[in-house]
Amino acid sequence: MSRKRKHKNSELKARAANIRHLQEKEHRVFMKLGAKLRAYFFTGILVTAPVSITFYMAYKVIFWIDDGVGRLLPPQLKSYYEDLPFTIPGLGVVILIVSLILIGMFAAGFIGSFFVRLGDWMVKKMPVISGIYSLLKQVFETFLSNKSQAFSKVVLLEYPRKGIWILGFVSTATGGEVKRILDRNMVNVFIPTTPNPTSGFLIFVPKEDLVFLEMTVEEGLKFVISGGIVTPKELQEIKKY
C-alpha cells in the first residue's frame, strides 16, 4: 500500500508540475503576444499620428484662411460664393496667394515703392509700434530675402564651459560697433532652445572656436526640436571652418 501511495503521490506531483509548466508556458505566450500587440499599437501611433496631426492642422489653417478671406470679399462675390451648391476648400488660400503676388508686383513698381517708403516712415515715427514693426521687419527680411546669409551653417561650440558642447546656427560675421570693440574675427551664433527653436539667445564667438558641421540648417532644426531624438541620417565628417 505504501508503494502504491508513493507511486500515486509521485504521479500527482508530476501531473501538478506538468500543469504548472503548461500554465507558465501559456503565461509566457500571452506575455509575448501582449508585448507584440503593445509594440504594434505604439508603431501604429508613430506612423499615423504625425500624418494625421499634419493634415488636421493643414485642414484647420486652410479653413481659417478661407473664413478670413471670405469676410473680405465684396458682397457680390461673397453672395455668389455662398450660393454655390458645394464648397471649394482652399479657395481662400488661392485668393490670398494671388493677392500677395499682386501686392508684391505693385510694391516693386515706382509708385508702389513710394507708398511703401511713405508707410514705413510713418510707422517708424510712432512710439512703441515702431519698435515692434522694426523687429518684425528684420525677422521677415532675414528669413525671406534671397540675399540673406542667415543661418547658413550649423556649428558646435563649447558652452557654457569647456567640455560641454551645444548646437548653434551661424547668422553672419560680427560687424559694427561689436566688432570694433572686440577687435577680433567674431561670428554671430544663434543658440536655439528645445523644443521651441524660435526662442534662444545670440552670442559672439571667435571663428576659430567653432566646429562647423556638414548637416543642413533644416536637419539641425529638426535635431533641436526633437530634443536630440531625430538625428540626421548621415552624420557627415565634422570639419573646421
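Because only heavy atoms are used, hydrogens play no part in the values below, and waters and symmetry mates are left out as well, while side chains stay in. Residue indices begin at 1 and follow the sequence shown.
Residues passing the side-chain hydrogen bond (donor to acceptor under 3.5 Å, both in side chains) test with T193 are S199, sequence neighbours excluded. Scanning for ring-ring contact (aromatic ring centres under 6.0 Å, His included) contacts around F223 gives an empty result, with sequence neighbours left out. Residues satisfying the side chain to side chain contact (heavy atoms under 4.5 Å, CB included) criterion with F190, sequence neighbours excluded, are F151, P192. Residues that satisfy the ring-ring contact (aromatic ring centres under 6.0 Å, His included) test with F204, not counting sequence neighbours, are absent from this structure. For S226, the side chain to side chain contact (heavy atoms under 4.5 Å, CB included) criterion is met by I229, V230, not counting sequence neighbours. With sequence neighbours left out, the side chain to side chain contact (heavy atoms under 4.5 Å, CB included) criterion links V61 to I65. By the salt bridge (charged side-chain N to carboxylate O under 4.0 Å, His left out) test, K222 is found to be paired with E218, residues two or more places apart in sequence or in another chain being considered.
Contact annotation: the side chain of L157 approaches that of I203 to within less than 4.5 Å [non-hydrogen atoms, C-beta and beyond]. Put simply, the side chain of L210 reaches to within 4.5 Å of the side chain of V187, judged on heavy atoms.
When all heavy atoms of V189 and V155 are compared, the pair lying nearest together is CG1-CG2, 4.0 Å. Contact between I191 and L167 at its shortest, heavy atoms only, is CD1-O, 4.0 Å. When all heavy atoms of V154 and T216 are compared, the closest pair comes out as CG2-O, 3.5 Å. Considering all non-hydrogen atoms of both residues, V217 and K153 come closest at CG2-N, 4.2 Å. Counting all heavy atoms, side chain and backbone alike, T194 lies closest to V224 at CG2-O, 3.0 Å.
Residues M186 and I166 do not share a hydrophobic cluster, clusters being chains of Ile/Leu/Val/Met/Phe/Trp/Tyr side chains in contact below 4.5 Å.
Counting non-hydrogen atoms of other residues, nucleotides and ligands closer than 6.0 Å to CZ of F41 gives a total of 12 or fewer.
Between the CZ atom in F169 and the CG atom in L213 there is a gap of 9.5 Å [rounded to 0.5 Å].
Here E208 pairs with R184 in a salt bridge; the nearest charged N to carboxylate O distance falls below 4.0 Å.
I53 belongs to a hydrophobic cluster whose other members, connected by ILVMFWY side-chain contacts under 4.5 Å either directly or through intermediates, are M57. Using a 4.5 Å cut-off between side-chain heavy atoms of Ile, Leu, Val, Met, Phe, Trp and Tyr, I164 forms no hydrophobic cluster with any other residue.
Applying the side-chain hydrogen bond (donor to acceptor under 3.5 Å, both in side chains) test to every pair with at least one member in residues 157-166, sequence neighbours left out, gives these pairs: E158-K162. Residue pairs meeting the salt bridge (Lys or Arg N to Asp or Glu O under 4.0 Å) criterion with at least one member in residues 105-121, sequence neighbours excluded, are D120-K124, D120-K137.
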Let me check something: any side-chain donor-acceptor pairs from residues 100-116 under 3.5 Å, sequence neighbours excluded? List them with distances.
{"unit_1": "S113", "atom_1": "OG", "unit_2": "G109", "atom_2": "O", "d": "2.9"}
{"unit_1": "S113", "atom_1": "OG", "unit_2": "F110", "atom_2": "O", "d": "2.8"}

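Test T174, N185, V170 against K207 for side-chain contact (heavy atoms from CB on, under 4.5 Å) and you get one pass: N185.
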